[in-house]
Amino acid sequence: MAGYDPIEVQARWQARWARDHLYELDLDRLRPDEKFYNLVEFPYPSAEGLHVGHTYTYSGADTLGRWLRMRGRKVFQPIGFDAFGIHTENYALQVGEDPTTLTARTVERYRGQLERLGAAWDWRHEVVTSDPAYYRWTQWVFLRLYRAGLAVRREAPVVWCPSCLTVLANEQLEGDRCERCGTRVTQRTLRQWFLRMTAYADRLLDGLEGLDWPETAKRLQREWIGRSHGVEVDFELEGGGRLATFTTRPDTLFGVTFLAVPPEHPGLAELATADRLAEVEAFAAEQRQLGLTGRERERRGVSTGRYALHPVTGERLPVWVAGYVVAGYGSGAVMGVPAHDERDFAFAATAALPVVQVVEGAPPPFTGHGRLVESGPFTGMASEAAAETIADWLEQHGRGRRATRYRLHDWLISRQRYWGPPIPVVYCDGCGTVPVPDEQLPVLLPRVDDFRPTGTGLSPLASVPSFVHTTCPACGGPGRRETEVSDTFLDSAWYFLRYPSAGRDDVAWDPELTARMLPVDMYAGGLEHVARHHLYARFVTMALRDLDLLPFAEPFPKIRLHGFLLQDGAKMSKSRGNVVVPDDYVATVGADNLRMYLLFVAPFEEGGDWSDAGLAGIERFSARAYRLIAEPHQPGSEAVDLRPLHRAVATVGRDIERLKFNTALSALMELLRWARQHKPAMDDACWERVSATFTLLLAPFAPHLAEELWSRLGRPYSVHLQPWPAYDPDAVQERQVTLVVQVNGKRRDALQAPAGLGREQAVAMALASERVRRHLDGREPRHVVFVPDRVVNLVI
RNA sequence: GCCCGAGUGGUGCAACGGUUGACACGAUGCCCUCAAAAGGCAUUGCCCGUAAGGGCGUGCGGGUUCGAAUCCCGCCUCGGGCACCA
């Protein structure tokens, strides 16, 4: 008999599945209660090809999906390509090829790779975000947000790489350096398009409560949104004007010894006194050049020469420009309380500013709470209560107001790049900013000879006259197109809405279909996307819901995060040269073995270490499984006790549901060993049951092998259309248990006993044990702990 | 610096507060073979002991409990996230 050839087997069945469209669903007939929208994060088709990290996630999600399918759910498992964006464009720049032709090739390659993994993708619903048929609707989504006042254009500082001559997305930063060239980034101020995500800060935060997400994911979003409740305190300036500061600790108001503004402060020239102006501007210019991240942790600053007046005491307080103050947060200025804030304390030390302790506790800097001292009428109060009282006082006297602040910023979607959807807006001298009408979508990205970033702050599209010059949709006069493209994260912020309706050219998504198919039932994703993609998608979904374009506000009620696959304890990376390429393994050991190995090596949600050595165990397992089923059965005479089979069905199902694929596989391995041992003794009925059940349990993990075995068993195609086997709950119960006997908590014997033994008999058995008696040393137990079917602990 | 997560055999890892080490890798021995590969079977936490048996053992130090890898407190190490958000 020929041995198991995983490569031949996978090729044959993949061809058959594709021919039969086995994994395509008829969405028209689907009820919301039977569908299961099984979503994975779609890849961006970059140069390197599919990473083994993708393979890892997709293996887990696909195994779950296949199992749910066998459990009777109609599993919708689409896939697509996040093909726009800087990653793709950078590679195109590197090889000097037009991104359009390049993307066509890489997408094709990815399709092949994804296909060969043997996952149950529904290719009929594929989306490619760089396809005009897709980005037409990305532009449409933008226009909905624009019309709702959620897309606005305003001037703002952005991160700039002086070496690559381009704006960088935040996700392209490693600390304060450009991911690509390692150059330290600077800031630049440009007129930009923003999506007003901060308008949804509260709902994004509060909505987390009801989501079935890992706690770490919720925490990350919570911290990213960063809501703080506090008070905005006004300080009158000597010589006129006032400075508003934000604080979460109004109870420390009497400890203020200075005010500080960031180097980016807009009114700096007016703030500084004449004699200080030159120094202030020099310092601010230098600090702005460094950018916030370039300033390190040094505590530098210069005095503006200006003084502010304390709102309660009227005391004169110097106003400083300080590098550590973050622009763009709160009111843009802080009240310096060195005694009760570590940063202010450090700054006060270098600037020789006084430290006044007003909360009792440890020596400064003391950031805890306590009784107020030296605080005028509020002295003696507990600081928590004082915070409220002082806030009231400020509000009553018109010197401040309660306020809520967020770390979350509006989403900067402008990119001075080529490879993205043009932002669908026309500028007209007469009409101003005019949105492109829906019927004129898509605004096509023109083919250009030179798509290199210009370094001028303008997109390469700005130098394409045929693109720029257009007709104003409002008045018919001459107009200029917006030449920026939108962030690639906007493409992916709504792609899951498109999948069911993919291919429709009349709507972005069909309302009736969407109501039935969404939201997503399970999203298998990565931690690195939580504070970006998942957040953007939630924001866009909420906004669309408010526009009555969607019947739900949360796109991903359930998310699970895969762990990371390491190599030799280190993250795989090109620079380390330790990237595992899945293709190589699919071609040598086969997709089934690769999938199972990835799932076996570690718990799915924790990740683990890749090792070629470990793969051998899985290959052996597959080969044994193949031999078990493929080798003919010489019937024995016994109706073998099938309890182990029932237990395996229970365990494997339970563990798949919990995403504990590693233990599910070990249960399958145990079942295999048991089946091999007992096969010769089994009568025909018994063997049929065992061989079929084993194959069904294997199907979610090793779809090709299981299909092959199923066909060899003479069963009707396809194993993937079969129901998951049932088990008898009674048969799962053990008949015999190991009863551990402890003396004073130390294990002294292990007795074989019938399950369900009562206390009396168990204790009697324990006392009868020779080993136990030796340790009892003739004494009577004072106290006996009995855990049924587990433990008898005799305490003397 | 702050916030999470994790520390268990030579290795990856498994264990509702109840036999620590399932499953697998590796190693050792044996079977098969002219031989090797493949395959099969067995052993495999550490220490003492020929053995029976005993002692120790889940990063470290305490605690709770009849009983702790698991719960609590304090440390150490590694991994990840955020990095001056007042």
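Order of the sequence lines sets the chain letters (A, B, ...), proteins ahead of strands, with each chain counted from 1.
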Return the 5'-most residue of the pair Thr248(A), Glu670(A) with respect to RNA chain B, ranking by each residue's nearest nucleotide.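 So the residue in question is Glu670(A).
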Find which nucleotide of RNA chain B each of Glu223(A) and Leu665(A) is nearest to by heavy atoms, and output the residue with the more 5' nucleotide. Glu223(A)
Could you tell me which non-hydrogen atom of [X] sits nearest to which non-hydrogen atom of [Y], and how far apart they are?
X	Y	value
Pro263(A)	Ala322(A)	CD-O, 3.4 Å
Met596(A)	Leu665(A)	O-CD1, 3.5 Å
Ala333(A)	Leu243(A)	CB-CG, 4.0 Å

Suppose we define a pair by two distances each less than 3.5 Å, Watson-Crick or G-U wobble; what does [N] pair with here?
N	result
A15(B)	none
U58(B)	none
G5(B)	C78(B)
G26(B)	U44(B)

Determine the interatomic distance between [atom1] on [N] and the same-named atom on [M]; round to the nearest Å.
N	M	atom1	result
G10(B)	G61(B)	C1'	28 Å
G74(B)	G26(B)	C1'	38 Å
A36(B)	G29(B)	P	13 Å
C78(B)	A68(B)	P	30 Å
A27(B)	U19(B)	C1'	26 Å
G55(B)	U65(B)	C1'	24 Å
U70(B)	G59(B)	C1'	15 Å
C23(B)	A37(B)	C1'	26 Å

Got a list of protein N/O to nucleotides 53-57 of chain B N/O distances below 3.5 Å?
from   : atom 1 : to        : atom 2 : distance (Å)
G55(B) : OP2    : Arg748(A) : NH1    : 3.2

Rounded distance in Å - [atom1] ([X]) to [atom2] ([N]):
X	N	atom1	atom2	value
Asn593(A)	C25(B)	CG	P	13 Å
Glu528(A)	C82(B)	CD	P	11 Å
Glu619(A)	G26(B)	CD	C1'	16 Å
Leu668(A)	A22(B)	CG	P	18 Å
Leu220(A)	A83(B)	CG	C1'	13 Å
Trp674(A)	C23(B)	CH2	P	16 Å
His340(A)	A86(B)	NE2	C1'	14 Å
Arg532(A)	G81(B)	CZ	P	13 Å

For the residue pair Tyr56(A) and Phe604(A), categorise the inter-ring angle as parallel (less than 30°), tilted (30 to 60°) or perpendicular (more than 60°).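 The rings of Tyr56(A) and Phe604(A) sit tilted, inter-plane angle from 30° to 60°.
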Would you classify Arg782(A) as touching base, sugar-phosphate or nothing, given that sugar-phosphate means primed atoms plus P, OP1 and OP2, and contacts are heavy atoms under 4.0 Å? nothing
Does G9(B) sit syn or anti, given that only angles within 90° of 0 count as syn? syn
Donor-acceptor pairs under 3.5 angstrom involving side-chain atoms of residues 789-796 of chain A: please list them, not counting sequence neighbours.
from      : atom 1 : to        : atom 2 : distance (Å)
Asp789(A) : OD1    : Gly756(A) : N      : 2.7
Asp789(A) : OD2    : Gly756(A) : N      : 3.4
Asn793(A) : OD1    : Gly745(A) : N      : 3.0

With ring centroids as reference points, do Phe347(A) and Phe258(A) lie under 6.0 angstrom apart?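 Ring-ring flag for Phe347(A)/Phe258(A): true, centres closer than 6.0 Å.
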Could you check whether His310(A) and Phe254(A) have their ring centres less than 6.0 Å apart?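 Centroid distance Phe254(A)-His310(A): below 6.0 Å, so yes.
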From [options], nucleotide with atom closest to [X] side chain:
X	options	result
Arg219(A)	A24(B), A86(B), C4(B)	C4(B)
Val795(A)	G80(B), A86(B), C66(B)	C66(B)
Arg620(A)	G26(B), C82(B), C66(B)	G26(B)
Val325(A)	C23(B), A86(B), C66(B)	A86(B)

Ignoring backbone atoms, establish whether Arg673(A) has a side-chain N or O less than 4.0 Å from OP1 or OP2 of A24(B).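 It does, given that an N or O in the side chain of Arg673(A) lies less than 4.0 Å from OP1 or OP2 of A24(B).
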May I ask you to test the Met669(A)-Arg624(A) pair for a side-chain heavy-atom distance under 4.5 Å? no
Would you mind reporting whether Arg647(A) and Glu670(A) have side-chain heavy atoms less than 4.5 Å apart?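 The answer is no, as the side chains (C-beta and beyond) never meet within the 4.5 Å cut-off.
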Under-4.0 Å salt bridge between Arg402(A) and Glu388(A): yes
Quick one: CG on Leu353(A) to CG on Leu317(A), what's the gap to the nearest 0.5 Å? 10.0 Å
Will you find, in the side chains of Thr738(A) and Gln752(A), an N or O donor that is under 3.5 Å from an N or O acceptor?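 The answer is yes; a qualifying pair exists.
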Counting primed atoms, P, OP1 and OP2 as sugar-phosphate and everything else as base, the B/S/- map of nucleotides 10-19 of chain B against protein heavy atoms under 4.0 Å is --BSS-B-BB
